[in-house]
Undergrad: 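My structure is below; once you've seen it, I'll send some questions.
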Amino acid sequence: MAEPTNTPMPASTPVPASTPRSGSPARPIPIPSLTPSATSLTLPLRQSSKTAAAAAAAAAAAISRRPIVLHIGDPVKYNPHTYAEFSSAFEVVRPSAAERERGAFMRALREQRWGDFSAIFRPFWGSGGEMGRWDAELVGLLPESVRVFASAGAGFDWADTKVLGERGIIYCNSGLAAAEAVADFAVAMVISTFRHLPWCMNAATLPFLLSSSSSSSSAPAESEIAAAAARRAFQSCHALATAASHNPRGHVLGLIGFGNVGQQIAAKLGHPATFGMRIAYHDVVRKSASVEAALGATFHPTLDGLLGVADCVVLCTPASPDGRPIVTAEALGAMRRGARFVNIARGSLVDEEALADALEAGQVGAAALDVHAEEPAVNRRLVGMALGLEGDRPGTVMLTCHNAGGTVETHVGFEELSMRNVLAVLQGREAVTPVNLQFLVGGS
Ligand SMILES: O=CC(=O)O
């Protein structure tokens with residue numbers, strides 16, 4: 001299979017310069033503490049009416065000079081102290097929900113309704129994306145004054161960060177804030193593939209649901225037949241799942257992508273006191289010897305090399321810039337027969353029909369997918385396999401609703417990190433988590 005030199009697999013979520021690259025991988029989110037705002041306004045407590053008027057005039061003048069920040073989406077909810085500093089340093093302008101629909105948003109930009117704003121700020125993942133993709137058409141309407149776009153979310157496939165960079169706009173994601181939640185979820189999914197959790201759960205619940213729905217409408221004899229079938233499904237799963245289940249310990253975990261998320265998954269699953277898996281990875285950028293040593297990770301310079309040794313492959317790399325999958329029929333064919341597959345990255349990275357074929361053929365033994373190619377739709381063949389309705393191996397697939405990063409702690413971090421990125425750039429410091437510096441003029 002082609003190597004990532006011509007495979008469009010980008011580097012994993014970059015570790016910002018402020019993040020320690022060695023030492024214990026189980027580190028807290030390294031968001032640096034705020035420096036006091038140079039632009040916050042302080043008024044003396046006691047003043048004559050004349051000096052008060054002068055101070056008010058000076059404050060008004062200072063306020064009018066504050067950089068404008070276009071805040072798209074819901075208000076800040078979790079970090080009132082940082083927001084107090086943010087909103088005293090900047091004039092925060094919030095378009096309404098109606099103004100955020102693509103047509104209205106573009107019209108407002110053409111009319112320069114929000115003035116010469118300096119930053120775009122999207123603190124919440126569930127809102128602020130109403131205008132759709134930030135492509136050349138939309139980015140071309142931004143005023144020249146915009147210097148930074150700081151957003152919630154680890155992924156940024158909805159924004160053309162190259163086009164933004166070429167306009168001189170630094171895009172900052174919030175992947176650091178989501179890494180722990182995503183890694184925790186990946187652990188659950190890896191365990192699911194080794195222990196066949198969908199099968200265990202379906203056998204305990206689905207027949208019961210079927211029997212209770214039939215008991216409301218059917219004769220007593222029929223409901224007794226359904227209840228007996230539910231008991232048989234339970235007993236069969238109890239007896240048969242054992243022979244198909246394994247402890248992860250000693251098996252090879254193959255991570256495609258070894259950024260913050262990949263490294264946290266390795267720390268959680270590779271530690272001898274927890275799951276004791278053997279860690280292997282492939283990334284376009286090899287990590288330092290100290291990171292590899294701290295995590296006991298073996299680098300594979302080719303994707304096929306990794307796929308050929310892994311007992312469970314976890315996809316944890318950003319979407320390809322061109323939207324093409326990297327887990328194709330060819331890649332699935334390069335995996336060890338019966339190996340497991342987990343996707344907590346982006347659905348567009350996987351050819352789902354090829355995955356369904358590989359599951360049907362037993363080339364892939366079990367899978368767990370949190371993300372899907374056509375969200376919010378889920379591939380019907382994979383749903384059938386998740387429910388155990390197709391094939392003779394029940395519940396081989398675990399499917400979830402893009403939940404991996406979704407915790408309150410992640411959202412606290414999304415807000416905080418986005419505000420800190422805007423504060424840093426507009427106050428003349430380095431962005432905390434930029435992802436597109438290579439596209440800025442003079443960028444590397
Ligand atoms: O998928 C979730 C994210 O990009 O944060």
Side-chain angles (χ1 to χ4, degrees), residues 9-16 19 29-31 72-74 76-79 120-134 149-161 164 171-189 255-265 314-321 323 325-327 342-350 352 368-378 398-421 432-436:
M9 188 171 74
S12 309
T13 307
V15 181
T19 305
I29 300 169
I31 302 175
I72 49 176
D74 286 359
V76 166
K77 188 167 161 190
Y78 298 111
N79 298 281
I120 303 158
F121 168 60
R122 180 184 176 189
F124 192 64
W125 192 228
S127 62
E130 299 81 1
M131 68 293 299
R133 190 168 161 74
W134 287 72
F149 186 157
S151 177
F156 43 88
D157 37 330
W158 50 276
D160 190 329
T161 56
L164 285 165
Y171 182 90
C172 303
N173 80 340
S174 301
L176 272 181
E180 173 143 28
V182 175
D184 287 349
F185 210 83
V187 170
M189 292 194 128
L255 296 159
I256 304 177
F258 209 49
N260 291 308
V261 170
Q263 290 178 33
Q264 289 212 26
I265 296 171
V314 179
L315 193 48
C316 39
T317 192
S320 312
I326 59 171
V327 177
V342 170
N343 187 7
I344 42 78
R346 279 292 182 266
S348 61
L349 289 165
V350 177
E352 292 176 342
L369 309 175
D370 181 47
V371 284
H372 310 277
E374 305 289 342
E375 289 179 20
V378 180
M398 177 183 197
L399 299 174
T400 51
C401 304
H402 202 139
N403 302 109
T407 65
V408 170
E409 289 77 7
T410 294
H411 280 281
V412 173
F414 277 170
E415 283 185 355
E416 183 73 16
L417 200 48
S418 306
M419 284 190 281
R420 290 190 184 203
N421 270 304
V432 188
T433 51
V435 300
N436 67 340

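Count residues from 1 along the sequence. Counting starts at 1 for both ligands and their atoms, in listed order.
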Undergrad: Which residue and non-hydrogen atom of the protein lie closest to atom 1 (O) of ligand 1, and at what distance in Å?
TA: His402 NE2, 2.5 Å
Undergrad: Answer yes if the ring centres of Trp134 and Phe149 are under 6.0 angstrom apart, and no otherwise.
TA: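 Between Phe149 and Trp134, which both carry aromatic rings, the centre distance is below 6.0 Å.
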Undergrad: Provide, to 0.1 Å, the distance between atom 3 (C) of ligand 1 and the closest protein heavy atom, together with that atom's residue and name.
TA: Ala154 N, 3.3 Å
Undergrad: Using only atom types and a distance under 3.5 Å, with no angle test, would you say the side chain of Thr433 pairs donor to acceptor with the backbone of Cys172?
TA: no
Undergrad: Between Glu409 and Ala181 (side chain of the first, backbone of the second, donor and acceptor by atom type, cut-off under 3.5 Å), is there such a pair?
TA: no
Undergrad: So, regarding Trp125 and ligand 1 (criterion: nitrogen or oxygen to nitrogen or oxygen, under 3.5 Å), is there a contact or not?
TA: no
Undergrad: Check whether any N or O atom of Phe414, backbone or side chain, sits under 3.5 Å from an N or O atom of ligand 1, and answer yes or no.
TA: no
Undergrad: Mark up the atoms of ligand 1 that fall under 4.0 Å of a heavy atom belonging to Arg346, in ascending order.
TA: 1 (O), 2 (C), 3 (C), 4 (O)
Undergrad: Look at the side chain of Asp370 and the backbone N and O of Ile344, then say whether any donor-acceptor pair between them is shorter than 3.5 Å.
TA: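 Looks like no, no N/O pair under 3.5 Å.
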Undergrad: Name the orientation class of the two ring planes belonging to Phe124 and His411 (parallel below 30°, tilted from 30 to 60°, perpendicular beyond 60°).
TA: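 Tilted.
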Undergrad: Looking only at atom types and distance, does a side-chain atom of Arg346 sit under 3.5 Å from a main-chain N or O of Thr317, one as donor and one as acceptor?
TA: no
Undergrad: Ignoring angles and geometry beyond distance, decide whether Ala178 reaches within less than 3.5 Å of ligand 1 through its nitrogen or oxygen atoms.
TA: no
Undergrad: Could you check atom 4 (O) of ligand 1 against the protein and tell me its nearest heavy-atom contact, residue, atom and distance included?
TA: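 Result: Gly155 N, 2.6 Å.
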